[in-house]
Amino acid sequence: MTSSIAFVGAGPTTLYTLNALLAQGVSGARITVFEAQPTAGLGSPYRPGWNDPAMLSNIASVEIPPLGETLLAWLHNQTASDLHDMGVQTADISDRAFVPRVALGRYFQDQFDALMRRAREAGNTVDIRTRCRVVDAANTADGMRLTLSPQGGGGVSHALFDHVVLATGHQWPSQQEVRPGYFLSPWPATTLASLPATDIGIRGSSLTAIDAAVAIAGAHGAFVRQDDALIYQASPGTERLRLTMMSRKGLLPEADYYFPLPHAPLDICTPEAIGRLTSAADAALLDDVFDLFRRELMAVDPAYAAATGLEHATLETFSEAYFAERAAVDPFEWAAANLEEARANHAAQVTVPWRDAILRMHEVVAAVVPHLDGPQFQRFNRDLKPIFVDAYGAVPHESVERMLALRRAGVLQILALGDDYRIDTHRPEGGVLLIHGDRPRHFPVFIEATGQRPLGAIQFPFLSLLEQGIVRDESSSDAPDAARGIVIDDVFHPIADGVPEDRLFCLSLPFIMGRHPFVQGITSSHEMGEIVGRRLALALGAMKPVSDALQTAA
């Protein structure tokens, strides 16, 4: 009997799931991919129009798990004309270079097409339904019923599948400008290009906020390289443009730093050590985890440990010490010095031990998150998660250069908000009033650019799954918090009675970030795809039983 599989969404997560499924020799299946956009395979973080052409990806070829071919090999196979159209300079191509997001989208699109050819050659039936939105999903006695709404008319229809993988990716507000001058997200970036040259506030100072600033600045001027320096040249008539990026700490992310691949194993804060702690989880779990974290850092970088007082640190005191030196310096001065250091380390292939150790540990420590009670979960989010996010959130060198160029041009400033501020979004004149300190400040345009936040079940896009109790919030009496995400098991099945095993998988990022707090990038798509692809192959009888569990996702 032919089994049917539906993938809702056609971005990188679906690509990696399909790649893992086909690697198990699956044949005779009916595979359907639904994508609301005109083109399958891109993913919203890499789609033209959604992204400004100047926006850079923050993952290099050496870090991207290959599908049919590596990004580097694919770039070398492109024509000079195609590379130019994508904003890629031939001389800059290397396995550690960052390319524009739209170029990465083209790479994934080509890999998707190749995967579909592989699937057909293996004897599977493939149906790619672009411009078709899945508006609902419901469990029935005979399978998972999807409700479909194709663009261009034709009316709503239904289709039944044995297995469904929800991979809808990031979820942004359907209405970008919710009130005059107030934007809930910077996407699509094409909207930012039409903003006037005025005083613009951007909440956030990480890569999402940098992307917003770059898109706005690019619409009112140009970044030009003169000798070894990048400068910003404003267009005539844009003298009133002022950008203010603001965040709690008011810090720019660090420049991409060198680290070896594959990563060396950890010695103290290991998956096995974390597993022993979670198996006996108690009220001291997070402190016990921090002790492993602390000891690992002390072992790999004694000088850094001494400088930050790690030997006698608590989670809270180290969280403060980690950012203290940067917070005491002008953020642009720090960014310039950090960029110089990062470039020198890349050239000499020098790894800063403490940075590399924190980067490696975030993948291990995240496994404790489902075991934390309410107060511990709040402490994790407040004091430990920001350290890991800072470590893996380093940005391309050119992104830092652009921020420095905007600063030198008098266009950009960064504001540290702390915890004592208020933002009034209901202004009769439009925009936002920032109440911070003694002087309220009005921004005619204000953009929320803090990145994807965890979402709860009430925001799940498929209503019937909520009504059937299949999708529900992971909450408890001491932490009734939607930020913990929806209830799923270790292999991404929503946990509910009456749903056969392997009928439904949820890989929709905003709804699983509570359980997997670092599940955002391409490596996460690969790790999740490997697990679900093998599970589907097992359900289709194409492989022997395996034991899968995602410890975490980078």
Side-chain angles (χ1 to χ4, degrees), residues 171 203-206 208 246-251 269 274-275 277-294 297 308 310 313-324 327 358 361-393 416-423 448 450-460 472-488 490 495 509-520 524 550-554:
Q171 183 165 312
R203 179 148 56 173
S205 58
S206 62
T208 300
M246 62 194 79
S247 61
R248 181 171 172 266
K249 293 182 173 66
L251 305 177
C269 189
I274 293 292
L277 292 180
T278 56
S279 66
D282 57 28
L285 174 59
L286 188 60
D287 291 311
D288 292 340
V289 169
F290 176 71
D291 185 58
L292 294 177
F293 171 93
R294 182 182 62 84
L297 279 183
T308 53
L310 254 177
T314 65
L315 172 57
E316 284 75 12
T317 60
F318 178 70
S319 178
E320 184 175 342
Y322 177 86
F323 292 104
I358 292 175
M361 281 192 283
H362 92 272
E363 300 183 347
V364 176
V365 169
V368 309
V369 172
H371 304 275
L372 299 176
D373 62 23
Q376 291 184 103
F377 182 70
Q378 292 174 3
R379 289 179 66 207
F380 172 85
N381 283 332
R382 184 185 65 241
D383 297 313
L384 190 53
K385 182 179 177 180
I387 294 170
F388 288 133
V389 170
D390 186 67
Y392 75 70
L417 294 174
D419 295 315
D420 187 16
Y421 73 93
R422 185 166 63 87
I423 289 179
E448 301 284 5
T450 54
Q452 179 68 69
R453 293 179 176 274
L455 299 178
I458 192 64
Q459 293 161 300
F460 203 74
R472 64 189 191 281
D473 284 325
E474 178 77 69
S475 61
S476 61
S477 58
D478 63 350
D481 186 356
R484 301 208 72 155
I486 64 171
V487 181
I488 56 172
D490 287 339
I495 301 174
L509 300 185
F511 303 99
I512 62 176
M513 288 173 65
R515 184 181 180 90
H516 302 290
F518 308 124
V519 59
Q520 293 225 28
S524 298
L550 182 63
Q551 291 281 339
T552 186

A.B. asks: For the pair Arg484 (side chain) and Val369 (backbone), establish whether a donor and an acceptor sit closer than 3.5 Å, ignoring hydrogens and angles.
C.D. replies: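 Here the side-chain-to-backbone pair exists.
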
A.B. asks: Can you confirm whether Asp282 is buried at CG, in the sense that more than 12 heavy atoms of other residues, nucleotides or ligands lie under 6.0 Å from that atom?
C.D. replies: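 Buried by this count: over 12 neighbours within 6.0 Å.
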
A.B. asks: Report the distance from atom CZ of Phe323 to atom CZ of Arg248, rounding to the nearest 0.5 Å.
C.D. replies: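 CZ of Arg248 is found 9.0 Å from CZ of Phe323.
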
A.B. asks: Just so I know, are the side chains of Leu315 and Arg379 near enough to count as touching, which here means a heavy-atom distance under 4.5 Å?
C.D. replies: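 A side-chain contact exists here, since the closest heavy-atom pair is under 4.5 Å.
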
A.B. asks: Are Phe518 and Val389 side-chain neighbours, meaning at least one heavy-atom pair lies under 4.5 Å?
C.D. replies: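 Touching, per the 4.5 Å side-chain cut-off.
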
A.B. asks: Below 4.5 Å, heavy atoms only, C-beta onward: do Ile274 and Cys269 meet side chain to side chain?
C.D. replies: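 Yes, at least one pair of side-chain atoms sits under 4.5 Å.
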
A.B. asks: How far does CD1 of Ile358 sit from CG of Leu297, to the nearest 0.5 angstrom?
C.D. replies: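 Those atoms lie 5.0 Å apart.
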
A.B. asks: Just by modelled atom types, is the Ala313 backbone N or O under 3.5 Å from a matching donor or acceptor in the Thr317 side chain?
C.D. replies: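 Checking the backbone N and O of Ala313 against the side chain of Thr317, no donor-acceptor pair under 3.5 Å is found.
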
A.B. asks: Atom CD of Glu448 and atom CZ of Arg453: how far apart are they, to the nearest 0.5 Å?
C.D. replies: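 Reported to 0.5 Å precision, the distance equals 7.5 Å.
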
A.B. asks: Less than 4.5 Å apart, any side-chain heavy atom of Ile512 and any of Ile488?
C.D. replies: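 They are in contact (side-chain heavy atoms under 4.5 Å apart), so the answer is yes.
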
A.B. asks: Just verifying a value: how many Å separate Arg294 CZ and Thr308 OG1, rounded to the nearest 0.5 Å?
C.D. replies: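 Nearest 0.5 Å value for the CZ-OG1 distance: 10.5 Å.
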
A.B. asks: Under the rule for ring pair (Phe, Tyr, Trp, His ring centres under 6.0 Å), what residues qualify as partners of Phe293, not counting sequence neighbours?
C.D. replies: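 Phe293: ring pair (Phe, Tyr, Trp, His ring centres under 6.0 Å) contacts with Phe290, Phe318, Phe388.
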
A.B. asks: Within a strict 4.5 Å, meaning less than it, do heavy atoms of the Asp383 and Phe380 side chains meet?
C.D. replies: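 When only atoms from C-beta onward are counted, Phe380 and Asp383 do not touch, as no gap falls below 4.5 Å.
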
A.B. asks: Mark yes or no for whether Gln376, through its side chain, and Leu285, through its backbone, hold a donor-acceptor pair below 3.5 Å.
C.D. replies: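 Answer holds: yes.
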
A.B. asks: Please report the interatomic distance OG1(Thr278) to CG(Asp288), rounded to the nearest 0.5 Å.
C.D. replies: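 With rounding to 0.5 Å, OG1 (Thr278) is 11.5 Å from CG (Asp288).
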
A.B. asks: Angle class for the Phe511/Phe460 ring planes (parallel below 30°, perpendicular above 60°, tilted otherwise)?
C.D. replies: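 Ring orientation of Phe511 relative to Phe460: perpendicular.
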
A.B. asks: Hey, what do you get for CD1 (Ile423) to CG (Leu417), rounding to the nearest 0.5 Å?
C.D. replies: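 Output value for this atom pair is 6.5 Å.
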
